Amino acid sequence: MSLPLPAIAAAIAAANFLLLLLLLLLPLLRVSHLLKVGRNNFRPPPKVDSSVVRLEPRHPPPPIPLLEWDGLVRLAFGRKNKTLGAAFRTSRTLQALEQNYITFKALSLGAGQQQQQQQQQQPAAASIAALGSSSEPAADMDV
């Protein structure tokens, strides 16, 4: 018996959704393997083995910011066969990370600390410009 293409596509989409859902909930759940179910217990027998697992909530839940965890999971598993390095090197990801870092620094530093940090960065930039080697790679510079 063969399934029509839309039914197969819906099954694949449901499996991908369930996998993403499991990854998102994994920090909040404790997973334990209960028993293995053999292929011969199903008619027709599937091509894969099955297992019964227990999902228990963790008490208390770990202090993970769920919005950031969701973003990381979606970034890491957004495209099939894409490495994490390639996922983090895209221009949109780099822009979002830079904007988040700027926001984090602005929220974590007070107004006085921001001014002090800017004053510390300005003399360093001025001394580098005075050397005239700001366009030279660090490996080619003399000490």
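Only heavy atoms go into these numbers, but all of them, side chains included; no hydrogens, no water, no symmetry mates. Remember, predicted model here, so these are calculated numbers, not experimental data.
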side-chain contact (heavy atoms from CB on, under 4.5 Å) assessment of S51 paired with H33: CA-CA 7 Å; S51 292; H33 183 265; 3.2 Å; yes
N100: side-chain hydrogen bond (donor to acceptor under 3.5 Å, both in side chains) partners, not counting sequence neighbours: none
Donor-acceptor pair, side chain of R58 and main chain of L29, under 3.5 angstrom: yes
Cluster check V73, L84: I/L/V/M/F/W/Y, side chain < 4.5 angstrom: yes
Atom of V53, atom of V31 and distance for their closest heavy-atom approach: CB-CG1, 4.3 Å
V52 with F42, same ILVMFWY side-chain cluster at under 4.5 Å: yes
Whether over 12 other heavy atoms sit under 6.0 Å from I102 CD1: yes
Spatial distance of atom CZ (F88) from atom CG (L97) [nearest 0.5 Å]: 6.5 Å
Exceeds 12 heavy-atom contacts within 6.0 angstrom, atom CD of E98: no
Exercise: identify the closest heavy-atom pair between P27 and P62: O-CG, 3.2 Å
Spacing of L24 atom CG and L66 atom CG [to the nearest 0.5 Å]: 9.0 Å
Euclidean distance, W69 CH2 relative to L25 CG, rounded to 0.5 Å: 11.0 Å
Side-chain heavy atoms of S50 within contact of K36, under 4.5 Å: no
Distance, nearest 0.5 Å, that separates CZ of R54 from CZ of R30: 11.0 Å
Candidate pair L75 and T93, rule side-chain contact (heavy atoms from CB on, under 4.5 Å), full reasoning: CA-CA 8 Å; L75 181 67; T93 304; 3.5 Å; yes
Atom of V48, atom of R39 and distance for their closest heavy-atom approach: O-CG, 3.9 Å
R89 CZ to L94 CG distance, which is reported to the nearest 0.5 Å: 9.5 Å
Between CD on residue E68 and CG on residue D70, distance to nearest 0.5 Å: 11.0 Å
